Amino acid sequence: MKFKRNIIITGGAGFIGSHVVRLFVNKYPDYRVINVDKLTYAGNLANLKDVEDATNYTFVKADICDFDTMFALMGQYNVDGIIHLAAESHVDRSIKDPFTFARTNVMGTLSLLQAAKLYWESLPEGYAGKRFYHISTDEVYGALELTRPDGEPPYGDEFFVETTKYNPHSPYSASKASSDHFVRAFHDTYGMPTIVTNCSNNYGPYQFPEKLIPLFINNIRNRKPLPVYGKGENVRDWLYVIDHARAIDVIFHNGKDAETYNIGGFNEWKNIDLIKVIVKTVDRLLGNPEGSSLDLITYVTDRAGHDLRYAIDSSKLKKELGWEPSLQFEEGIEKTVGWYLDNQEWMDNITTGDYEKYYEEMYKGR
Ligand code: NAD
Ligand code: DAU
């Protein structure tokens with residue numbers, strides 16, 4: 001079958017990638033969607049059970065750092081678009097093991113860029129009709145102040161905009177910042193049609209349970225402590241993952257080359273307030289007495305270099321491409337908690353065995 005477009009999505013077996021793959025496979029039956037994923041601890045093909053047999057879906061187990069394989073895939077599938085999500089994504093792991101983050105996030109992105117460059121430049125039409133879309137994070141901008149810590153959000157007067165200077169603090173955000181620079185350098189140096197987007201914290205189904213929201217839902221269900229870093233006063237800006245996938249769709253198709261777009265929900269929460277909402281929702285859905293799991297909250301040693309506040313201004317994306325979040329946070333968190341409680345087998349398959357040991361090691365001494 002001849003497809004209208006042939007798109008590689010890297011990291012499609014991960015949290016956000018699986019939602020992007022699902023959206024593209026279902027919405028564009030005339031596109032071939034090639035999911036390239038190494039299946040690290042964070043990659044899980046169970047996230048894609050519902051699309052794995054689709055005729056326009058192909059899975060390739062490969063490491064983006066493997067330049068020869070990346071280059072071969074470009075030609076094998078006549079790739080004209082790349083949506084690049086594959087990365088090491090967890091800040092706490094980057095503090096313990098920064099090399100893995102530099103390898104995948106920096107060298108892996110470079111390997112993919114160079115493979116696309118050599119392939120596209122070998123074609124008669126060159127870069128015409130091609131797109132390299134790199135998914136990045138708001139963490140590259142650094143941290144904002146809490147100038148209005150009390151009362152209603154927003155908790156500060158400043159927001160990250162597309163022109164905010166990069167100022168990453170963690171090995172994770174430093175590696176993502178570096179990869180963003182490489183992507184822009186490939187546009188400026190070789191004329192590759194690139195786009196970078198920087199998104200805030202995502203939440204929703206299929207997130208690996210080392211991240212705050214699924215970890216805490218699972219710990220409440222199992223009556224385990226909820227480790228709040230520091231005083232729980234750090235602020236994050238939360239976006240439902242399917243709204244991120246919708247934004248990626250709009251930007252992949254209608255975004256302008258060489259542009260940067262911020263993606264976020266104008267939805268700031270102090271960690272401790274968010275945690276209380278999670279506790280309340282899980283208790284209600286499990287039929288526990290209200291507030292009965294609040295005693296699981298345990299304040300632990302803060303994350304090293306813990307960024308205080310992230311807050312994204314996504315008005316450029318709304319103004320230029322008409323995207324805005326479709327879901328209110330109250331609805332999103334209700335759906336999310338419900339999904340994890342209804343999919344305990346998915347969770348238990350991850351949290352037993354090696355991961356259990358890793359988790360215990362991670363919290364030793366906190
Ligand atoms: P994730 O950790 O859930 O998934 C990452 C995926 O990449 C996994 O499937 C993993 O197997 C794959 N992968 C890792 N190294 C690879 C390699 N060398 N080769 C091929 N595949 C590899 O991550 P996520 O939370 O879904 O994040 C996806 C992307 O979005 C990342 O680039 C991240 O920086 C960015 N991002 C995440 C968030 C968030 O809140 N989760 C917010 C903004 C941006
Ligand atoms: O902002 C976008 C980023 O959001 C993405 O680029 C990252 O890939 C993604 O992991 C996420 O980073 P965070 O560090 O903000 O997410 P995490 O879920 O790890 O933590 C959210 C907040 O909760 C943060 O302030 C740290 C705190 N926290 C986290 C964990 C896991 C706790 O207090 N206790 C915990 O056990």
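Computed from a predicted structure; not experimentally measured.
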If you compare all heavy atoms of [X] against all heavy atoms of [Y], which two are closest, and at what distance to 0.1 Å?
| X | Y | value |
| --- | --- | --- |
| N219 | L226 | CB-CD2, 3.5 Å |
| E139 | S173 | O-CB, 3.5 Å |
| L144 | A311 | CD1-N, 3.7 Å |
| I312 | D237 | N-OD2, 2.9 Å |

Tell me if a side-chain donor or acceptor on [X] pairs with a main-chain N or O of [Y] at a distance below 3.5 Å.
| X | Y | value |
| --- | --- | --- |
| W238 | S200 | no |
| D273 | W269 | no |
| K316 | L321 | no |
| T10 | A86 | yes |
| T352 | I350 | no |
| E162 | N262 | yes |
| D30 | F3 | no |
| N56 | Y28 | yes |
| Y240 | T336 | no |
| D37 | A13 | yes |

Angle class for the W346/W339 ring planes (parallel below 30°, perpendicular above 60°, tilted otherwise)?
perpendicular
Parallel, tilted or perpendicular, judged at 30° and 60°: which one describes the rings of F252 and Y133?
parallel
The test is side chain to side chain contact (heavy atoms under 4.5 Å, CB included); show your working for L118 and F67 and say whether it passes.
CA-CA 11 Å; L118 294 186; F67 168 79; 3.8 Å; yes
Test item: side-chain donor near acceptor, [X] and [Y], under 3.5 Å:
| X | Y | answer |
| --- | --- | --- |
| N105 | S179 | no |
| K211 | S89 | yes |
| H134 | T109 | no |
| Y203 | R236 | no |
| E88 | Y172 | no |
| S326 | D243 | yes |
| Y127 | E121 | yes |
| D92 | Y229 | yes |

Going by atom type alone, with no hydrogens or angles, which donor-acceptor pairs under 3.5 Å involve a side-chain atom of residues 15-24 and a protein atom two or more places apart or on another chain?
| residue | atom | partner | partner atom | Å |
| --- | --- | --- | --- | --- |
| S18 | OG | G14 | O | 2.9 |
| S18 | OG | F15 | O | 2.8 |
| H19 | NE2 | P205 | O | 2.9 |
| R22 | NE | D50 | OD1 | 3.4 |
| R22 | NE | D50 | OD2 | 2.7 |
| R22 | NH2 | N47 | O | 2.5 |
| R22 | NH2 | D50 | OD1 | 3.2 |

Is the shortest heavy-atom distance from the side chain of [X] to the side chain of [Y] under 4.5 Å?
| X | Y | answer |
| --- | --- | --- |
| I251 | I263 | yes |
| H84 | I64 | yes |
| T164 | D313 | no |
| D180 | Y166 | yes |

Sequence neighbours excluded - ring-ring contact (aromatic ring centres under 6.0 Å, His included) pairs with any residue from residues 144-163:
Y141-F160
Would you call [X] and [Y] a salt bridge, using N to O less than 4.0 angstrom?
| X | Y | value |
| --- | --- | --- |
| R103 | D63 | yes |
| R309 | E158 | no |
| D302 | K231 | no |
| E334 | R284 | yes |

Apply salt bridge (charged side-chain N to carboxylate O under 4.0 Å, His left out) to the pair K4 and D80, showing each step before the final yes or no.
CA-CA 10 Å; K4 188 171 156 200; D80 55 36; over 6 Å; no
[X] and [Y]: aromatic ring centres closer than 6.0 Å?
| X | Y | answer |
| --- | --- | --- |
| Y261 | W323 | no |
| Y31 | H253 | yes |
| H90 | F208 | no |

Tell me every residue that passes salt bridge (charged side-chain N to carboxylate O under 4.0 Å, His left out) with E125, counting only those two or more places apart in sequence or in another chain.
K130
Passing candidate, salt bridge (charged side-chain N to carboxylate O under 4.0 Å, His left out) with R221, options D342, D348, D283
D348
Transitive ILVMFWY side-chain link I34 to L85, under 4.5 Å
no
